[in-house]
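Order of the sequence lines fixes the chain letters, A, B, ..., with proteins taken first and strands second; residue numbering starts at 1 for each chain. The figures that follow rest on heavy atoms only: side chains count, while hydrogens, waters and symmetry mates do not. Because the structure is predicted, anything quoted here is derived from the model rather than measured.
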There are 2 protein chains.
Amino acid sequence: MDKDRKRKTIYDLAVLAEASPSAVSSVLNGTWEKRRISKKLATKVLRIAEEQGYHLNAQASLLRRDRSNIVGMIVPKYDNRYFGEIAEQFEAKARARGMFPVITCTQRDPDLEFEAAKELVAYQVECLISTGATDPDRIAAFCRAAGVQALNLDLPGQDAPSVISDNYTGARDLTRLILDRCQSDLGWHGALRFVGGRLSDHNTAARLRGFLDAHAALGLTVPEAFIKATGYSASAAWSSLQDFSPSGPAGIFVNSTISLEGVVRWHSELGSEARHVRYGCFDWDPFGKFLPGNVGMVEQDVSAMLEELFTRIGTPQAAGAPTLIPCKLRAF
Amino acid sequence: MDKDRKRKTIYDLAVLAEASPSAVSSVLNGTWEKRRISKKLATKVLRIAEEQGYHLNAQASLLRRDRSNIVGMIVPKYDNRYFGEIAEQFEAKARARGMFPVITCTQRDPDLEFEAAKELVAYQVECLISTGATDPDRIAAFCRAAGVQALNLDLPGQDAPSVISDNYTGARDLTRLILDRCQSDLGWHGALRFVGGRLSDHNTAARLRGFLDAHAALGLTVPEAFIKATGYSASAAWSSLQDFSPSGPAGIFVNSTISLEGVVRWHSELGSEARHVRYGCFDWDPFGKFLPGNVGMVEQDVSAMLEELFTRIGTPQAAGAPTLIPCKLRAF
DNA sequence: CTGAATTGCTCAATCGATTGCGCAAAATGT
DNA sequence: ACATTTTGCGCAATCGATTGAGCAATTCAG
């Protein structure tokens, strides 16, 4: 039918049902009993709506309503299990609470992050969650001005409540595990190298502290040259190891699964020397367990982080210190 | 300020700027030159908007405009690189074309898929892309009724144009690679096993055809018991191999990275027998290259698929045969 | 059989931005 | 000085759904 070219509205249905637009509206949004519409008319309207392929215009509906129920999230990447799980679970938990989740991926680009935040605010999100954002405070400030609740996940900020992993403890435990395995597998006791991330990044800094403290507790000192926080790409991790050709036992703390890709490549290119190398990685991946030399991974507790996050949504609070969620150490 | 509790509107700005709402609107949406608003007033309005933390109400704007520029996509999961890349690139390419992308993840749940499709249509998407949907035709039918363009990605449907990988050729080439490597590495020539996926699924069926044809071309027949398309989970793949303890050379075609997780686990539990096993996987993962026994992976050309998809957006066409995008074989 | 309560529905304002139309004032031409 | 054009802006309708208020018809109480 040619008239199908225009989307149907409640006014179209009202004509067909020989009723008023308000009656149609209340039938369609479920308030018809409260508004004392007869079951007969309700049934008729629903039938006609079905026949006509009617669907709500959310823009019109949201414009009139006082609440949008939309919760927005920005995530940097979908290229690892951690952010993938955050996105999946955020959507699921939001739906379970009757909210409408909208996620957008910002490629670790600060400007895109900010643009995306503005777009989400324009879409009337009631709460905006910045996940792993490079500049969460810029977004929080913008949200404050727009009267939108802001929250930070994974990376903390000063201007909004933050839920993050207990990076320090996770890193300390992982470091200890790698050191132990170097001892038991290789009969070697020495300082590990730290590969990946950026020291300006809160999480990397916290993990480095845990890394160093675990060494100190065992009487080990880490030479400064062992700290190679050269960024978040696989190739950067690989490059940073090009000057390192272990002639004896060695161990590495890898700061993310992306960096792990580079470390594993380096490791595979070592040839027979690879058997003297042990490493572990902060962040989990299902294939990690099967990579030669990998002794364990830290899995961040995404579910717990999001549960904690959702307790904050809808109840604005001051920023305060970040809430720390314990990680799970997976030893292989 | 207390009045900040309500979001600012163009009417608020109009009062502050001593101008009309229409002038304010045209300044803010960039049509002020066309409407012959003086630069002086434009500057003033922009300054006040900035000061007041004004942001557009997209609902109101979209209600009035004739086009939304929103493109919607549903994806089943974010737990592998393939869908992750699809999501990332879809967002990037949509933005580059001035569209607003909205992606939602439906957990391979047919009902959730349909609910999500309805929600996206309510948000006035101009085009809805069903990625890897279990029932794309149901969604396409709904879109048709609502007057929204529908497209399928990754898995084809009858009721909307589809862009998918050339699964047949990719699988045939991968099968050939595994067979070759079994010959060269193990000096063995024999039928492979096929693990993962579901035969009712178009892609699995196409891949199985390629798998069988590659065997036939080399004069090999595959016993029916070698076909273990038992679903999409790692544990199902693992379980399906529990009755298989190779006492000699063996090879496996793995139908997805998720299934690969199960196969690799099985492989790692084989002990010393594992050295006689070779496998390859349809779909790519950065760690795949380093998994013992893995001889190669098929990388689907996400970028090409999406480019093809975007040529379709905005120019509705009949369904027709799926467009096939060649895959890239990565031999290790 | 009359007044009160209930039922079933409609009217009209409203949400915030957009846009065709039109009107004064200023600038320009002659 | 007068006619014409240009500049600068405001008015009011509109998009589609929601909702408080209210009206007529029906049912009920006594």
To the nearest Å, give me how far apart [atom1] ([X]) and [atom2] ([N]) are.
X: A/Y54; N: D/dG16; atom1: OH; atom2: P; answer: 10 Å
X: A/I10; N: C/dC11; atom1: CD1; atom2: C1'; answer: 13 Å
X: A/L62; N: D/dG16; atom1: CG; atom2: C1'; answer: 12 Å
X: A/D66; N: C/dT14; atom1: CG; atom2: C1'; answer: 13 Å
X: A/L56; N: D/dA17; atom1: CG; atom2: P; answer: 6 Å
X: A/L63; N: D/dT19; atom1: CG; atom2: C1'; answer: 14 Å
X: B/K44; N: D/dG8; atom1: NZ; atom2: C1'; answer: 14 Å

Worksheet, complete the sentence: The reported gap from CG in B/L62 to CD in B/Q124 (rounded to nearest 0.5 angstrom) is 8.0 Å
Worksheet item: Could you state the interatomic distance from CG (B/L56) to CG (B/L28), rounded to the nearest 0.5 Å?
Response: 8.0 Å
For a quick check of understanding: with a heavy-atom distance under 4.0 Å over all strands, which category does [X] fall into, base, sugar-phosphate or nothing?
X: B/L28; result: nothing
X: A/S25; result: base
X: A/R36; result: base
X: A/S38; result: sugar-phosphate

Item to complete: Using the six-membered ring wherever Trp is involved, compare the ring planes of B/Y123 and A/F100 and label them parallel, tilted or perpendicular (cut-offs 30° and 60°).
Response: parallel
Worksheet item: Quick one: on DNA chain C, does B/A23 or B/A60 contact a more 5' nucleotide (nearest heavy atom)?
Response: B/A60
Nearest to the side chain of [X] - [options]?
X: A/T9; options: D/dG16, C/dG16, D/dG10; answer: D/dG16
X: B/I37; options: C/dT18, D/dC9, C/dT10; answer: D/dC9
X: A/R64; options: C/dT19, D/dA17, C/dT14; answer: C/dT14

Worksheet item: Salt bridge between A/K8 and A/E50, side-chain N to carboxylate O under 4.0 Å?
Response: no
Does [N] have its OP1 or OP2 closer than 4.0 Å to a side-chain nitrogen or oxygen of [X]?
X: A/N29; N: D/dT18; value: yes
X: A/Y11; N: C/dT10; value: no
X: A/S61; N: D/dT18; value: yes

Worksheet item: Between the side chains of B/R312 and B/T323, does any donor sit under 3.5 Å from an acceptor?
Response: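 Yes, B/T323 and B/R312 have a side-chain donor paired with an acceptor closer than 3.5 Å.
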Item to complete: Go through the N and O atoms of the side chain of B/R35 and the base of C/dG20, and report whether any donor-acceptor pair is under 3.5 Å.
Response: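 Counting by modelled atom types and ignoring angles, a donor-acceptor contact under 3.5 Å is found here.
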Fill in: Donor-acceptor pair present, B/S22 side chain and D/dC11 base, under 3.5 Å
yes
